[in-house]
Each structure stands twice: as C-alpha cells, then as structure tokens.
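In what follows, a structure is listed as structure tokens, so that the remarks can point back to it.
The chains referred to below are lettered A, B, ... by the order of the sequence lines, with proteins before strands, and numbering in each begins at 1. Just so you know, these numbers use all the heavy atoms, side chains as well, and skip hydrogens, waters and symmetry mates.
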2 protein chains.
Amino acid sequence: MALKQENTIDLPSLPRQRLGEQIADVLREQILLGQLSPGKNIPERETAAALGVSRTPLREGLLVLEAEGLVEMSPSKSPVVANPSFVEVNHLLLVQSALEELAGECACDEATQDEIDEIGAMHQMMVANVQEPDQIKFFQIDMAFHEAIVASTKNPSLIKTHKQYHSRLWRVRFLSARHREARDKAMVDHGRIVEGLRLRDKDQVSSEIRIHLRRAIENIRIVFAEEEASKSATD
Amino acid sequence: MALKQENTIDLPSLPRQRLGEQIADVLREQILLGQLSPGKNIPERETAAALGVSRTPLREGLLVLEAEGLVEMSPSKSPVVANPSFVEVNHLLLVQSALEELAGECACDEATQDEIDEIGAMHQMMVANVQEPDQIKFFQIDMAFHEAIVASTKNPSLIKTHKQYHSRLWRVRFLSARHREARDKAMVDHGRIVEGLRLRDKDQVSSEIRIHLRRAIENIRIVFAEEEASKSATD
DNA sequence: AAACTGTATTTGGTATACCAAGCAAAAATC
DNA sequence: GATTTTTGCTTGGTATACCAAATACAGTTT
C-alpha cells in the first residue's frame with residue numbers, strides 16, 4: 001500500500017494530510033468504482049492490515065465515510081457499504097436537485113466567462129461521445145459537468161455538500177447512464193442548461209436543472225425495477 | 001460527567017450509542033450555547049480528562065464536529081471552534097435556504113394535517129412571545145418551527161443535512177434574533193409560510209421561505225457590521 | 001431428531017502508550 | 001544588546017493492547 005508518500009529531497013516536509021482522510025479517499029474510490037460493492041462488509045482488522053495501517057486511522061476514515069452516508073456502522077457489526085433503496089435514492093436526488101438548482105442560480109452571478117466556456121466545452125465533448133461504447137468516459141464527463149457548475153459558484157459549503165450527495169448517488173447514476181435513451185435526453189437537458197448559463201438566466205438554468213434531475217429520478221426508477229425483475233427471475 | 005448511563009434493572013442492555021457520538025452531542029451543545037465560544041481551543045488531553053473519557057472517543061467526537069463544520073482541526077494545532085466570517089455565513093445561508101425551500105415544497109405533499117397544525121401552533125406561540133424579554137425561549141421556538149417543517153418531509157437525508165447547517169448557523173442566527181424589528185418581520189414571514197402550508201401551495205411556501213431566509217441574511221449583515229464597529233471602537 | 005444452552009471466537013469500542021512535529025523560551029554567540 | 005540557534009515542552013497523530021458484547025457452533029438433554 002502506497003499511502004505513506006515518500007518525502008522527496010525537494011520537499012522534505014510536505015503538508016501531510018491526515019492518514020484517516022487518505023484512507024477515506026481510497027475506500028471512497030473503491031466504493032464508487034464498485035470494487036467494494038454495496039452491502040459488502042468491511043471488517044476493521046482485516047481491512048487495516050490490507051491497507052498497511054492500524055485500526056485507529058482506518059476507523060477514522062470509516063467514520064468519514066459514515067458521515068457521508070457511504071458506509072453504515074452499527075455496534076458489534078462490521079461496517080458495511082451502504083446499499084440505498086429506491087426511496088432513499090429518491091430522497092437523495094431531491095436534495096441533490098435543490099443543491100444544483102441553487103448552484104445554477106449562483107453560477108449565473110458568480111461564474112466567470114471562462115468557466116462557462118469550460119462547462120460548454122464539456123457539454124460538447126459529451127455530445128461527441130454520446131454513442132461511444134465506452135460508457136465510463138461518458139459518465140465521468142457527465143459528473144464533471146455537474147461538478148463544474150457547482151464549483152463555479154465558489155461556495156465552499158455548497159461544493160462540499162454537493163460532493164457528498166454526488167458520492168452517494170454515483171453508483172446508481174452510473175447504472176442509469178447505461179441507457180442510451182437516457183443519455184440522449186440528458187444531452188438535450190445539458191444543452192439548455194449551458195444556454196441558460198451563457199445568457200446568465202437564473203430561472204432558465206435552475207428550472208432546466210430541476211427538469212434534468214427529476215428525469216434522472218425516473219431513469220433510476222427503471223433501473224431499480226429492472227434489478228427487482230432480474231432478482232425475482234433468479235428466485 | 002454522566003456519559004456512562006446507568007443500566008437500570010428493567011433495561012439490562014440498552015442500545016448503547018457510540019461514546020464518540022455522545023461526546024459530539026455534548027460538545028455541540030456547549031458550542032451552540034456559547035459555553036465554548038468561537039475561536040476557542042479544544043485541547044484533546046485536557047478536554048478528554050474534563051469529560052472523563054480517553055482521547056480516542058473524544059477525537060471521534062471532534063471529527064464528527066469537524067465534518068459538521070463546527071470545529072476546525074489542523075495538524076499540530078489544537079482543534080478550534082469554528083468562527084465563520086460573514087461571507088461564509090452568507091454561503092451557508094444560501095444552501096440552508098435551498099434546503100428549506102425544498103422542504104417547504106415536499107411538506108406540501110408529505111406533511112400530515114396534524115403536523116401542519118403543530119407548525120401553526122408553534123407560530124402562534126411565537127406571536128404570543130414576540131415581545132417577551134426572554135429571547136432564548138423565542139429563539140428556540142423559532143428554530144423548532146423551521147425544524148418541524150423539515151421533519152414533516154420524512155426525508156432523512158434532507159433532515160440530516162439541514163440539521164448540520166442549522167447547527168453551524170445557530171449562533172449567528174441567535175445574535176440576529178435579538179433585534180426586535182427582525183422578529184416582527186419574521187412573524188409576518190412565518191405567517192405566510194403557515195398559510196401556504198395550510199393551502200398546500202408549494203409555490204407560496206417555497207417563495208416565502210426564500211424571502212424569509214434572504215431577509216435573515218440582511219439581518220446577519222447588520223450583526224456583523226455592529227460587531228465590526230464595536231471591535232474598532234475598542235482599538 | 002430437535003431445541004436449548006454454554007462456550008469459544010470474532011467483532012467493534014475504548015484506553016493507553018509512543019512518536020513526530022511545532023512552537024516558544026532561553027541561552028549562547030556575534 | 002540583538003539575533004539566531006538549540007532544546008524542551010506541548011500538541012496532535014498513530015499504533016497497540018485490552019475489554020465487552022454478540023454470534024455461531026457444538027454438545028447435551030429432552
């Protein structure tokens with residue numbers, strides 16, 4: 001495990017991040033990438049050993065992830081990767097939508113022209129990749145698009161809270177992004193959002209973002225329905 | 001310190017909450033009540049000894065509060081109670097407003113009639129106490145009013161996130177609630193919000209909440225200006 | 001054969017001991 | 001006398017050792 005970064009000669013004392021934070025980052029990435037699948041146990045001793053750290057900082061990392069809602073901990077039970085139900089995801093997406101609507105409005109005031117151009121460029125890149133079989137790439141740009149809008153508000157609290165919801169929704173949104181139809185509709189939504197940003201029209205941006213995320217809820221409903229169907233098929 | 005609860009004979013094994021959580025609750029309350037004032041250091045060893053616990057769970061509690069934004073921790077420095085600037089508070093309130101606007105909309109769908117009546121009763125109680133010299137009581141009902149609206153949505157994520165922003169804004173909102181004029185205006189806003197809830201009119205509720213919280217920002221601007229003035233007067 | 005109980009193992013929770021880095025104060029040198 | 005360096009004390013960060021509770025398995029008893 002390469003958590004302990006080498007101190008280079010040039011930077012004898014680098015601004016050490018807490019080990020627990022680094023661990024949280026590693027585990028978060030593994031969860032988002034699905035290497036740690038929802039419902040899976042994360043035994044403390046075993047995981048700590050695998051990462052080459054002791055239980056204390058591992059625990060700190062797990063607590064961070066618990067606060068983010070990615071991991072659930074209960075007494076005398078191994079921490080477990082969260083596996084939200086549809087209604088939970090629905091709740092999360094409603095909040096996410098409210099956050100992004102606010103972000104869209106603030107962006108109209110706060111975003112620089114460069115930032116808006118950058119967001120527009122992301123949109124163009126997605127359009128170019130909409131029929132790309134490599135879904136991961138498409139999806140990552142999609143997420144970056146939303147993040148960029150939020151980042152342009154320069155509101156640290158909003159950015160942080162949005163990021164947390166982003167993490168919790170990552171997997172399910174990834175699953176729903178596999179549907180071609182959903183991607184096509186998303187492109188239309190994104191186009192309108194970019195247009196609104198260019199015009200710095202708060203109402204348009206915010207209402208289009210709402211439409212976009214409400215649509216995402218419907219896509220996710222389908223994903224859950226499919227999963228349910230395939231589950232009962234194997235019974 | 002009474003953190004270790006006595007096991008009664010009737011309840012030999014009660015559902016123990018993590019010690020760190022309890023510590024976070026204690027410290028949070030002390031911070032909100034101002035017993036731990038903003039900017040104050042919270043040395044780990046000393047505080048742990050004062051609470052009669054060891055550093056590990058105290059640290060866990062501090063990490064919770066750090067995640068909530070109530071405490072700031074940096075390497076080789078004592079944790080310190082957060083002391084947000086006006087622009088930070090402004091950022092926080094914008095998010096809080098978006099969350100409560102969403103809550104208002106959802107409440108129109110999800111709140112039971114009883115819950116709306118209860119919220120209306122809180123409002124009446126505030127109106128009755130608006131000229132009460134005991135500001136603490138008035139303020140607590142004010143906070144409970146907003147919490148009740150959010151709670152009626154039955155959206156756990158929304159409730160949790162809102163609560164965190166609530167904590168971070170507690171002190172400054174308490175300070176701004178001291179102004180009589182602000183309280184009068186708040187009563188008018190609240191009345192319209194309750195009216196909207198009774199009609200289950202999403203647009204009215206959400207827009208009135210927005211007006212109410214945007215007004216709060218202005219009140220807080222005044223508080224910061226006064227503080228700044230009194231500070232330069234003592235120079 | 002089934003059910004219940006007891007024991008052993010595994011889990012997370014907590015305390016403590018150790019380590020490294022930072023800051024401040026004091027002493028020494030220029 | 002002022003400045004710089006060194007040392008020690010205080011801080012948080014990490015590892016480890018210990019404890020209590022829960023669970024699973026096995027043995028015994030009905």
Return the nearest nucleotide to the side chain of [X]; candidates are [options].
X: B/Pro57; options: D/dC19, C/dC23, C/dT14; value: C/dT14
X: A/Arg55; options: D/dT14, D/dT16, C/dA15; value: D/dT16
X: B/Ser54; options: D/dA15, C/dA15, D/dG12; value: C/dA15
X: A/Val53; options: D/dA15, C/dG12, C/dT14; value: D/dA15

Under the 3.5 Å rule, do the base of C/dG12 and the side chain of B/Arg18 count as making a donor-acceptor pair?
-> no

Considering only heavy atoms and no angle criterion, is a donor-acceptor pair shorter than 3.5 Å present between the side chain of B/Ser78 and the base of D/dT10?
-> no

Please determine if a side-chain N or O atom of A/Lys77 lies less than 4.0 Å away from the OP1 or OP2 oxygen of C/dT10.
-> no

Figure out the [atom1]/[atom2] separation between [X] and [N], and round it to whole Å.
X: B/Glu72; N: D/dG12; atom1: CD; atom2: C1'; answer: 16 Å
X: A/Asn41; N: C/dT10; atom1: CG; atom2: P; answer: 15 Å
X: A/Glu21; N: D/dG12; atom1: CD; atom2: P; answer: 16 Å
X: B/Leu19; N: D/dA21; atom1: CG; atom2: P; answer: 14 Å
X: B/Arg45; N: C/dC19; atom1: CZ; atom2: C1'; answer: 11 Å
X: B/Glu60; N: D/dG12; atom1: CD; atom2: P; answer: 17 Å
X: A/Glu46; N: C/dT11; atom1: CD; atom2: C1'; answer: 12 Å
X: B/Leu51; N: C/dA15; atom1: CG; atom2: C1'; answer: 15 Å

Side-chain contact, heavy-atom cut-off 4.5 Å: B/Leu94 with B/Arg214?
-> yes

Distance under 6.0 Å and angle within 45° of ring axis: B/Arg183 vs B/Phe138 = yes

Please check if any side-chain donor atom of B/Glu101 sits under 3.5 Å from a side-chain acceptor atom of B/Ser97, or the reverse.
-> yes

State, without any angle test, whether B/Thr161 and A/Tyr165 hold a side-chain donor-acceptor pair at a distance under 3.5 Å.
-> yes

Qualifying residue for side-chain hydrogen bond (donor to acceptor under 3.5 Å, both in side chains) with B/Glu100, from B/Arg210, B/His212, B/His162 | B/His162

Starting at the 5' end of DNA chain C, which residue's closest nucleotide do you reach first, A/Ser74 or A/Thr56?
-> A/Ser74

